[in-house]
Structure formats: structure tokens, C-alpha cells
Amino acid sequence: MCHTYAMSKKPIHPFVIYIKRLLIERGISYSDLSEMTGIGLGTIKHIMCGNQCMTLSMRDTLCYALNIKPLDALLYDMPDNLDPANPAALARLISELNKEQRYALAGLILTMADANMHQSN
């Protein structure tokens, strides 16, 4: 159970929401996750409740233990019927992303563009 005071309650990061959903889908408890990652159970609980921010190192440890990539959280809720050839649908999807998701998408696009430039040289 999450214990926070109403005044200090912060929104839970989309990556944490994704991890929580993934744990439920896979039947993994916080205790199991703690054992898989070496991150303390108390820390796991605080992160999952939004009471503590995770470091990038913790994020990477979680991703490794769960065999996922940070970008997976961005793609998790993508509609099944999304037509990538429909620019209006893509624009609507992008407009519904939060700030962190837009930055992640921009980073992915830049990485892909950079990789394509190096391949063509």
C-alpha cells in the first residue's frame, strides 16, 4: 500500500506505470523484483508508489531483469488499429503523448536518423 500525504503526492512516471502493469501480467511480486534486481524491497515499493524517483541505473537494472527496453513503455499503450501510413492518426497519437514520451520518441527518431546516415556513408 502506498502511504503519502495529499500535499506531497506526485504523479507516477509512465515508466513506473508500465513496470507495474508488466509485473501484474507476469505475476511478479515486488519481493520477486527486489530479488531479481538487488534493489531493496523498500526502495522498490517507494518507487512503485511514486514516493521516490528511480535513478537511471535503477531503470537500467529493472530493464535488464525484466528483459525490456525503456522505449517499450512508450509503445506499450499503442492502439492495435493504428495505421502508420495515416499521418493524421500518427499526429493524433503523438499529440496525446506526455512530455517524457515525446522526448523519448524524439530521441529514438534522432538515433535512427544518425544510424541511417552512418549506414549510407
Side-chain angles (χ1 to χ4, degrees):
M1 182 195 293
C2 296
H3 300 286
T4 59
Y5 296 102
M7 291 180 67
S8 63
K9 185 85 172 155
K10 297 177 186 169
I12 296 177
H13 191 278
F15 183 78
V16 173
I17 293 169
Y18 170 66
I19 293 296
K20 289 172 78 168
R21 289 178 186 167
L22 199 60
L23 295 177
I24 291 168
E25 288 174 5
R26 295 183 182 181
I28 299 172
S29 69
Y30 290 167
S31 180
D32 295 336
L33 187 61
S34 175
E35 288 180 27
M36 293 166 65
T37 61
I39 299 171
L41 180 58
T43 301
I44 295 282
K45 288 180 178 180
H46 283 291
I47 289 170
M48 295 300 148
C49 289
N51 295 335
Q52 177 178 338
C53 293
M54 77 173 77
T55 65
L56 291 176
S57 176
M58 286 180 196
R59 183 207 60 192
D60 292 346
T61 300
L62 289 169
C63 286
Y64 181 79
L66 296 169
N67 194 29
I68 60 171
K69 297 178 240 30
L71 185 61
D72 292 343
L74 175 68
L75 303 175
Y76 183 75
D77 283 332
M78 190 165 292
D80 292 333
N81 61 352
L82 178 68
D83 178 6
N86 181 342
L90 288 173
R92 185 174 58 254
L93 176 66
I94 292 169
S95 73
E96 293 171 359
L97 299 176
N98 65 37
K99 184 177 180 180
E100 289 85 10
Q101 291 170 323
R102 286 193 305 269
Y103 280 126
L105 180 59
L108 173 66
I109 292 168
L110 292 172
T111 300
M112 291 171 57
D114 186 50
N116 284 339
M117 278 183 34
H118 289 302
Q119 280 182 340
S120 59
N121 288 338

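We're numbering straight along the sequence, starting at 1. Computed over heavy atoms, backbone and side chain alike; hydrogens, waters and symmetry mates excluded.
The backbone N or O of Y30 sits nowhere less than 3.5 Å from a side-chain atom of S34 that would complete a donor-acceptor pair.
A 4.5 Å side-chain heavy-atom check between L22 and I28 finds every atom pair outside the cut-off. M54 has its side chain within reach of L62: a pair of non-hydrogen atoms, C-beta onward, lies under 4.5 Å apart. Counting heavy atoms from C-beta on, the side chains of T43 and M58 come closer than 4.5 Å. At a threshold of 4.5 Å between non-hydrogen side-chain atoms, the residues F15 and K20 do not count as touching.
Atom CE of residue M48 and atom CD1 of residue I17 lie 11.0 Å apart, to the nearest 0.5 angstrom. If you take CD1 on I19 and CD1 on I47, they are separated by 10.0 Å, rounding to the nearest 0.5 Å. The line from SG of C63 to CD1 of I68 is 4.5 Å long, rounded to the nearest 0.5 Å. Note: L33 CG to R26 CZ = 10.5 Å, rounded to the nearest 0.5 Å. One finds the NZ atom of K45 at 8.0 Å from the OG atom of S31 (value rounded to the nearest 0.5 Å).
Residues in residues 57-68 take part in no side-chain hydrogen bond (donor to acceptor under 3.5 Å, both in side chains) pair, two or more places apart or across chains.
Partners of D32 by side chain to side chain donor-acceptor pair (under 3.5 Å), not counting sequence neighbours, listed by chain and number: S29.
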